[in-house]
Visitor: 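I have a structure here, written as structure tokens, and I will follow up with some questions on it.
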There are 2 protein chains.
Amino acid sequence: MGEPIAKYDVFQAISDPTRRKMLRLLADAEMPITAISGHFPMSRTAVSKHLRILSEAGLVKERRVGRENRFRLSAEPLRELQEWYSYFERFWDNKLAALQRYVESED
Amino acid sequence: MGEPIAKYDVFQAISDPTRRKMLRLLADAEMPITAISGHFPMSRTAVSKHLRILSEAGLVKERRVGRENRFRLSAEPLRELQEWYSYFERFWDNKLAALQRYVESED
DNA sequence: TTGATATGAAACCATTTGGTTGTATATAAT
DNA sequence: ATTATATACAACCAAATGGTTTCATATCAA
């Protein structure tokens with residue numbers, strides 16, 4: 001059959017400030033859970049759960065290296081976010097954004 | 001003092017699919033709660049609660065007209081979403097978006 | 001004035017969310 | 001072989017979320 005229905009979509013995944021910070025953190029470096037955990041005032045388990053949610057939304061990829069589980073950003077699903085809000089851009093008269101979409105949509 | 005701390009931010013407000021649909025609905029017309037309610041398979045009270053959340057996030061404005069409470073979109077807070085998202089645009093090599101930000105940031 | 005309409009507000013409920021601690025297991029280092 | 005490290009997994013918990021129903025109140029229409 002098709003794709004398994006993902007429990008978490010992008011909108012839900014980024015609704016939590018901790019997870020938004022995680023995405024920023026993982027944008028520039030691949031990191032194992034313990035290292036990531038050092039950046040947040042919560043247990044490693046809690047961090048792990050957030051990463052699981054981000055993973056289900058496709059926003060991070062994991063790779064097993066020895067006993068470590070290294071995570072890195074996978075930004076592509078964020079495009080859905082852009083698609084959604086682009087509908088509203090006309091309300092702040094963003095001419096250049098409109099132009100950009102127009103130019104890039106001709107394929 | 002400054003602004004009262006808003007309970008709901010934009011990210012949380014749009015994390016719910018019902019609320020995202022509401023914003024679309026209110027983009028083109030100002031509507032009272034009962035009319036809005038007709039578009040969703042839930043009680044008027046539930047709709048009202050969603051509108052309250054959108055209101056706290058600044059995404060809708062309400063105006064009392066007689067016994068009606070009319071809502072309309074207030075898209076401006078979505079800029080925050082755009083700002084956040086723009087950080088990640090470099091990951092899909094979006095030259096035009098970069099150009100756009102560059103041009104629009106010179107004020 | 002009497003009734004219908006539009007909304008607000010309170011109480012309640014099940015599920016989800018974001019966190020915890022404790023235990024188990026695989027891998028790496030001494 | 002033993003110990004330390006990195007993670008997973010299960011159980012638990014309080015608070016938030018998304019919904020309901022019931023009742024009160026303000027306004028409009030006949």
Side-chain angles (χ1 to χ4, degrees), chain A residues 4-26 29-74 77, chain B residues 4-26 29-74 77:
Chain A
I5 28 134
K7 192 182 173 193
Y8 288 94
D9 65 16
V10 180
F11 293 94
Q12 243 185 306
I14 67 162
S15 70
D16 183 272
T18 298
R19 289 195 290 270
R20 289 199 297 277
K21 280 181 204 160
M22 283 180 179
L23 292 179
R24 285 255 189 169
L25 185 63
L26 296 173
E30 186 183 61
M31 294 174 73
I33 297 185
T34 303
I36 299 169
S37 185
H39 292 77
F40 299 92
M42 64 186 68
S43 71
R44 184 192 44 76
T45 303
V47 168
S48 193
K49 282 187 183 181
H50 281 301
L51 288 167
R52 183 75 33 230
I53 289 167
L54 290 172
S55 181
E56 281 185 35
L59 286 165
V60 297
K61 296 298 175 195
E62 34 192 324
R63 180 168 66 104
R64 201 73 201 218
V65 177
R67 57 185 158 175
E68 295 183 336
N69 197 1
R70 298 190 187 157
F71 288 81
R72 68 179 191 284
L73 175 70
S74 169
Chain B
I5 30 135
K7 193 181 172 191
Y8 288 94
D9 64 16
V10 181
F11 293 95
Q12 241 185 307
I14 67 163
S15 71
D16 184 272
T18 298
R19 289 195 289 270
R20 289 199 298 276
K21 281 182 202 160
M22 282 180 179
L23 292 179
R24 284 255 189 168
L25 185 63
L26 297 174
E30 185 183 62
M31 295 174 73
I33 296 185
T34 303
I36 299 169
S37 186
H39 291 77
F40 299 93
M42 63 186 68
S43 71
R44 183 192 45 76
T45 304
V47 167
S48 193
K49 282 188 183 180
H50 281 301
L51 287 167
R52 182 76 31 231
I53 289 167
L54 290 172
S55 181
E56 280 185 35
L59 286 165
V60 296
K61 296 298 175 196
E62 34 191 323
R63 180 169 66 103
R64 202 75 200 217
V65 178
R67 55 184 160 177
E68 294 183 337
N69 198 0
R70 297 190 188 157
F71 287 82
R72 67 177 192 285
L73 175 70
S74 169

Visitor: Once you apply a heavy-atom cut-off of 4.0 Å, does B/Q12 come out as touching a base, just sugar-phosphate, or nothing?
Guide: sugar-phosphate

Visitor: The criterion is side-chain hydrogen bond (donor to acceptor under 3.5 Å, both in side chains); which residues satisfy it with A/S74, sequence neighbours excluded?
Guide: none

Visitor: If a pair satisfies side chain to side chain donor-acceptor pair (under 3.5 Å) and one of its residues is in residues 42-53 of chain B, list it, with sequence neighbours excluded.
Guide: B/R19-B/H50, B/R52-B/E62

Visitor: How many Å lie between CZ on A/R20 and P on C/dG18, as a whole number?
Guide: 11 Å

Visitor: C/dT17, OP1 or OP2 - any side-chain N/O from A/Y8 closer than 4.0 Å?
Guide: yes

Visitor: Given C/dT7, is OP1 or OP2 found less than 4.0 Å from the side-chain N or O atoms of B/T34?
Guide: yes

Visitor: Using a cut-off of less than 4.0 Å, is there contact between a side-chain N or O of B/R70 and OP1 or OP2 of C/dA6?
Guide: no

Visitor: Just distance, no hydrogens or angles: give the donor-acceptor pairs under 3.5 Å from side chains in residues 30-37 of chain B, sequence neighbours left out.
Guide:
residue: B/E30; atom: OE1; partner: B/R63; partner atom: NH2; Å: 2.5
residue: B/E30; atom: OE2; partner: B/R63; partner atom: NE; Å: 3.1
residue: B/E30; atom: OE2; partner: B/R63; partner atom: NH2; Å: 3.4

Visitor: Using the test side-chain hydrogen bond (donor to acceptor under 3.5 Å, both in side chains), find all partners of B/R20 that sit at least two apart in sequence or belong to another chain.
Guide: none

Visitor: Tell me what B/R64 touches on the nucleic acid: a base, only sugar-phosphate, or nothing, going by heavy atoms under 4.0 Å.
Guide: sugar-phosphate

Visitor: What residues, two or more places apart in sequence or in another chain, satisfy side-chain hydrogen bond (donor to acceptor under 3.5 Å, both in side chains) together with A/R24?
Guide: none

Visitor: For residues 64-74 of chain B, which residue pairs pass the salt bridge (charged side-chain N to carboxylate O under 4.0 Å, His left out) check, not counting sequence neighbours?
Guide: B/E68-B/R70

Visitor: Between P on C/dT16 and CZ on A/R19, what's the gap in Å once rounded to a whole number?
Guide: 15 Å

Visitor: Could you encode protein contacts along nucleotides 19-30 of chain C as a string, one character per nucleotide from 5' to 3', using B for base contact, S for sugar-phosphate-only contact and - for no contact, with a heavy-atom cut-off of under 4.0 Å?
Guide: BBBB----BS--

Visitor: Could you list where the contact with chain B starts and ends along DNA chain D, reading 5' to 3', using a 4.0 Å heavy-atom cut-off?
Guide: D/dT17 to D/dC28

Visitor: Only counting residues at least two apart or in another chain, list the ones meeting side-chain contact (heavy atoms from CB on, under 4.5 Å) with B/Q12.
Guide: B/Y8, B/D9

Visitor: Would you name the heavy atoms of A/L59 and A/A13 that are closest together and state the gap between them?
Guide: CD1-CB, 3.8 Å

